[in-house]
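One structure is given below, encoded as structure tokens.
This structure is a prediction, so every number in the text was calculated from the model and none was measured. Computed from heavy atoms alone, side chains included, the values below leave out hydrogens, waters and symmetry copies.
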Amino acid sequence: MKKLLATLLLGVGLAFGGLTAVAQTTTEAPAAVAAPADAAPAADAAAPAAAETPAVEAPAAAVAAEEEAKPTVDKGDVAWMMLSTLLVVMMAVPGLALFYGGLVRSKNMLSVLMQVMVVFSLITVLWAVYGYSLAFGGEGLIIGNLDKVFLMGITMDSLADTFTEGVKIPEFIFIAFQATFAGITCALIVGSFAERMKFSAVLLFSAIWFTFSYLPIAHMVWGAGGYLLDKGALDFAGGTVVHINAAMAGLVGAYMLGKRIGYGKESMAPHSLTLTMVGASLLWVGWFGFNAGSNLESNGGATLAFINTLVATAAAVLAWSVGEALGKGKASMLGAASGAVAGLVAITPACGSVGPMGAIIIGLISGFLCLWGVSGLKKMLGADDSLDVFGVHGVGGIVGAILVGVFAAPSLGGTGAEDFSIGSQVLIQAEGVVITMVWSAVVAFVAYKIVDMMIGLRVSEEAEREGLDITSHGETAYNR
């Protein structure tokens, strides 16, 4: 009887093992075909575990799906964005301040340093209060909303999107990074009316223009639902938002304030090209944060913007120097520094969309055209744009904004899609340039008028002759 029972149990076991082997062969046919014949016992031994797999894997799959859905925040990206933000702060203070300061007469040195530093600080605060919300809140066509006014609802755990799906960065660092862009844009305008505008008027104008020009343009180009963003306009780091925008406001200001006393009759040569060179160098270094930081991630895209910022700027320095040598017989230090800024401006909208060879061509073209902008074009316009804001930032910004529509083509080494159309993209880019120029000019005109009616724009003739350092701030840059 025991032998019979043992035989029956053995038979049932063999039958169950056989059925399991057949089932496994049916569901995993490729693996079964590939397995050698002597592996059959091992497969039989694994059958019970295989039968239990669905019960074990179901929770694991759910956990994996949940982990995949959770946003990724990379410490390297966070560190890169913090560094980039610091680099842009360095661009403004001290970079832009020293670049501008060296270009004015010594009696106005401190006034320019003060205007750049305080305007940057003012806009940084306004950005946190309501600027960020209007620029990046909501999905309006022209402007955002006030959902994040005073940075309401934003905590250390709040995240901002990057260009990679599922990859995020802390929203606080995105806010800080964009604040530096707004601050330096308004500070750029200072160069157009340097040496003759009231300090209080500079601050009031900056606040009005920031609110009604910078914020709408920033939202249209970079904000969700923005008109130019939805049209497909390319502006990686601010050709329209920063440079053309500021240049138009500066040009309007140069007209409305009038020419400096003695302009065209007295010498108004830069008092320290050494400081201008130092400022230009700081701008070049800081601009890597400006451009490569706009990638929002520390990856290949950032390296493309990085190398383009390097080679385009170098090409523009060479182009400007060659142009001066051909036209005047000598290449100047001021020209080389101005060429560097011209190249930096021109590559800004294109740095993440073109290849290095395209960047070099953009740099060369901008060097030659911006040289014409501060000489031939400036005479044609007839405005006393003190530090050539429009000639460099306006012309350079337009060159870069248009040419990105050409060199973003994949056939020319750019990052555009396979169906990229140069003609169509150039038209979109031109539309963005025209909208920015008209919008900024109109807002600037109204803002200057309001300021003039409220507190007046220009210092007195006596104060201008004595210098704004003493008359506006009660101190001098140099004690003799």
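For Ile143, the side chain to side chain contact (heavy atoms under 4.5 Å, CB included) partners at least two apart in sequence or on another chain are Leu134, Leu215, Pro216. The ring-ring contact (aromatic ring centres under 6.0 Å, His included) search around Phe212 returns none, not counting sequence neighbours. Applying the salt bridge (charged side-chain N to carboxylate O under 4.0 Å, His left out) criterion to Glu431, with sequence neighbours excluded, gives Lys231. Residues satisfying the salt bridge (charged side-chain N to carboxylate O under 4.0 Å, His left out) criterion with Asp161, sequence neighbours excluded, are Lys168. With sequence neighbours excluded, the residues forming a side chain to side chain contact (heavy atoms under 4.5 Å, CB included) with Pro356 are Leu304, Ile307, Asn308, listed by chain and number. Among residues two or more places apart in sequence or in another chain, the ring-ring contact (aromatic ring centres under 6.0 Å, His included) test is passed with Phe390 by none. For Thr85, the side chain to side chain contact (heavy atoms under 4.5 Å, CB included) partners two or more places apart in sequence, or in a different chain, are Ile173, Ala176, Phe177, Thr180. Scanning for salt bridge (charged side-chain N to carboxylate O under 4.0 Å, His left out) contacts around Glu297 gives an empty result, with sequence neighbours left out. Under the ring-ring contact (aromatic ring centres under 6.0 Å, His included) criterion, Phe368 pairs with no residue, sequence neighbours left out. Listed by chain and number, the residues in a side chain to side chain contact (heavy atoms under 4.5 Å, CB included) with Arg260 are Arg105, Glu195, Arg196, Tyr263, Met268, Asp384, Ser386, Glu464 (sequence neighbours excluded).
Using bins of under 30°, 30° to 60° and over 60° for the plane-to-plane angle, the ring pair Phe181/Phe290 lands in the parallel bin.
For residues 433-448, the set of pairs meeting the salt bridge (Lys or Arg N to Asp or Glu O under 4.0 Å) definition, not counting sequence neighbours, is empty.
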Donor-acceptor pairs under 3.5 Å, side chain of residues 309-317 to any protein atom, not counting sequence neighbours: which ones?
residue, atom, partner, partner atom, Å
Thr309, OG1, Asn291, ND2, 3.0
Thr309, OG1, Ala305, O, 2.7
Thr313, OG1, Thr309, O, 2.6

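For the residue pair Ser338 and Asp388, no side-chain donor N or O sits within less than 3.5 Å of a side-chain acceptor on the partner. No side-chain N or O of Asp77 forms a donor-acceptor pair with one of Ser298 less than 3.5 Å apart.
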Can Tyr478 and His271 be said to form a side chain to side chain donor-acceptor pair (under 3.5 Å), step by step? CA-CA 11 Å; Tyr478 308 101; His271 89 279; 2.6 Å; yes

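The backbone N or O of Ala194 lies less than 3.5 Å from no partner atom in the side chain of Tyr100, so there is not a single donor-acceptor pair.
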